[in-house]
Structures are given as C-alpha cells and as structure tokens.
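Order of listing sets the numbers, starting from 1, for every ligand and every atom in it. One-based numbering along the sequence shown. Because the structure is predicted, anything quoted here is derived from the model rather than measured.
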Amino acid sequence: MGRYYCLDNPDTLTLSTIVTASAPGRLLLRESPFYPGGGGQLPDRGLLRWAGGESAIIGFDLQDGDVWHLLADAIELPAGPVEAAIDPVFRQLMRELHTGLHIVNALVYQSCDGALVTGVQMNEDGTARIDFDLPEADNDRLRALEPEINDVIRRDLAVRASLVSQAQASAEPGLIRSRSVAPPPAPDGLVRIVEIVGLDRQACGGTHLASTGASRPLRILKIDNKGRHNRRLRLGLEGSPREGMA
Ligand SMILES: [Zn+2]
C-alpha cells in the first residue's frame with residue numbers, strides 16, 4: 001500500500017474506482033478516496049455505488065497494509081467498477097478540526113517553550129481535544145490564545161503538504177511535535193510535512209483544509225489538568241453542539 005490517496009487529493013470526494021477483492025460485507029478498492037482514521041482523526045464515512053445498488057461504508061479494517069472497506073450490508077461484490085463517495089459534511093468537519101488543532105499546536109509550541117503534544121482526538125460533534133506536556137504554563141495564558149487562533153483563521157493562511165526524507169525530518173527542529181510517537185514514514189521512506197504558511201511546519205498525516213480561512217471560528221471550551229504532564233484543551237467549532245454550552 002502506498003500513501004493514502006486522500007492525503008494528496010483531499011478535495012476528491014467522489015472517485016470512480018475498481019473493486020479488486022471482496023468478501024461478504026468487505027472489499028478492497030484499487031484507489032480509495034477515504035481516510036481510514038488515525039492520528040486522532042475519525043475515519044471518513046460514505047457510500048459505495050455500483051450498477052444496480054449501493055451500500056454505506058461504515059468503517060475500515062487495516063490488514064497487512066491493505067485498507068478493507070466495511071459495508072453496512074453483508075453483500076459480496078464482484079470485481080469491477082464502483083463509485084466511492086465520501087460524506088462531504090463529515091470530511092469538512094474533520095478538515096476544520098484537524099487544521100484548527102495544528103493552529104493551536106503551533107501557538108502553544110511557540111508561546112510555551114516548545115511544549116509537545118501527548119494526544120489528540122477529533123469528535124463528530126464539532127469538538128476536539130489536544131493534550132500537551134505543559135507542567136508550568138498557567139491556564140489563563142492558554143485561554144488568551146483564543147483570539148490568536150481566530151486571527152490565524154481570519155488571515156486565511158495557505159496550508160500545504162510536502163514530502164521530505166526521514167533524515168531531513170529528523171534534522172529540522174520542531175518538525176516532530178508528538179512526545180511519544182512520530183508519524184511513520186511511508187513505504188517510500190518519506191515523511192509528510194504539513195505547513196501552515198507563515199505559521200508552522202510539522203510532520204502529520206490526515207486531511208487538512210487548503211487554507212485556514214475555510215474554517216469556522218474555534219473556541220477554547222475548557223482546560224483541564226490531567227496530571228502534571230498532561231494539560232488538556234477542549235475546543236469547539238462555532239455552532240457545534242457543545243460550543244453553545246460553554
Ligand atoms: Zn495534521
């Protein structure tokens with residue numbers, strides 16, 4: 001398996017492709033536009049359509065480098081042409097949250113002496129959390145980042161991805177932002193770098209916006225101290241269900 005198709009083509013929401021293997025309720029596609037989850041980003045949802053039918057795609061099963069698509073129906077499709085269609089609203093939500101987490105990550109990293117991330121999770125209700133190894137910073141200082149976050153969104157900075165060698169990735173300070181895990185290099189040995197131009201560069205997978213201005217405003221809902229080395233910021237896109245409760 002190469003790099004996920006969606007990483008290079010995050011705007012492709014519908015793709016004509018071919019079923020290459022199938023078992024009841026699951027199949028492999030020659031190319032798949034879906035993000036199967038990972039790195040705190042939820043798996044895409046969507047539909048598979050073929051001549052005479054369709055079924056919802058309800059999950060993914062990664063086995064030996066293959067991404068099996070799990071269908072809502074226990075049918076077994078013959079090898080042949082199909083159309084894969086991503087749920088556009090859900091993908092957009094994940095792109096907004098994922099890009100928002102990069103902005104928060106960048107601002108915390110810059111203002112808190114290179115604090116590293118210990119965990120992230122994006123949620124389908126338009127909220128997300130990000131944990132930092134931040135033993136010292138006070139929560140008021142973190143709360144004060146909210147206008148800066150939204151200033152970055154308003155400035156509509158370009159977001160782009162590139163590939164660098166493992167050696168280059170290790171040599172550039174600040175590129176690996178997670179305290180515990182570095183994103184695995186692709187089979188070709190390259191590491192994907194996601195850049196918010198003028199703000200931040202970091203190694204990452206997942207799907208991001210093309211520019212920060214495509215995001216709704218982001219609010220800091222809550223800050224929790226989850227142990228000495230774990231400061232948890234809960235965030236919500238404007239209009240998300242829980243944002244209204246903050
Ligand atoms: Zn990312």
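- Leu15 belongs to a hydrophobic cluster whose remaining members, ordered by chain and number, are Tyr5; membership requires side-chain heavy atoms of ILVMFWY residues under 4.5 Å apart, directly or through intermediates.
- Relative to the six-membered ring of Phe132, Arg231 misses at least one condition, a distance below 6.0 Å or an angle of at most 45° to the axis.
- Side chain of Glu146 to main chain of Ile220: a donor-acceptor pair is present (N/O by atom type, distance under 3.5 Å, no hydrogens or angles).
- Considering only heavy atoms from C-beta on, Ile130 comes within 4.5 Å of Leu235 through its side chain.
- Only protein atoms were considered; those of element N, O or S under 2.8 Å from the Zn ion (ligand 1) number 4.
- Shown here is Glu76, whose CD atom has more than 12 heavy atoms of other residues, nucleotides or ligands within 6.0 Å.
- The side-chain tip of Arg91 does not point at the ring of Tyr35 from less than 6.0 angstrom away and within 45° of straight on.
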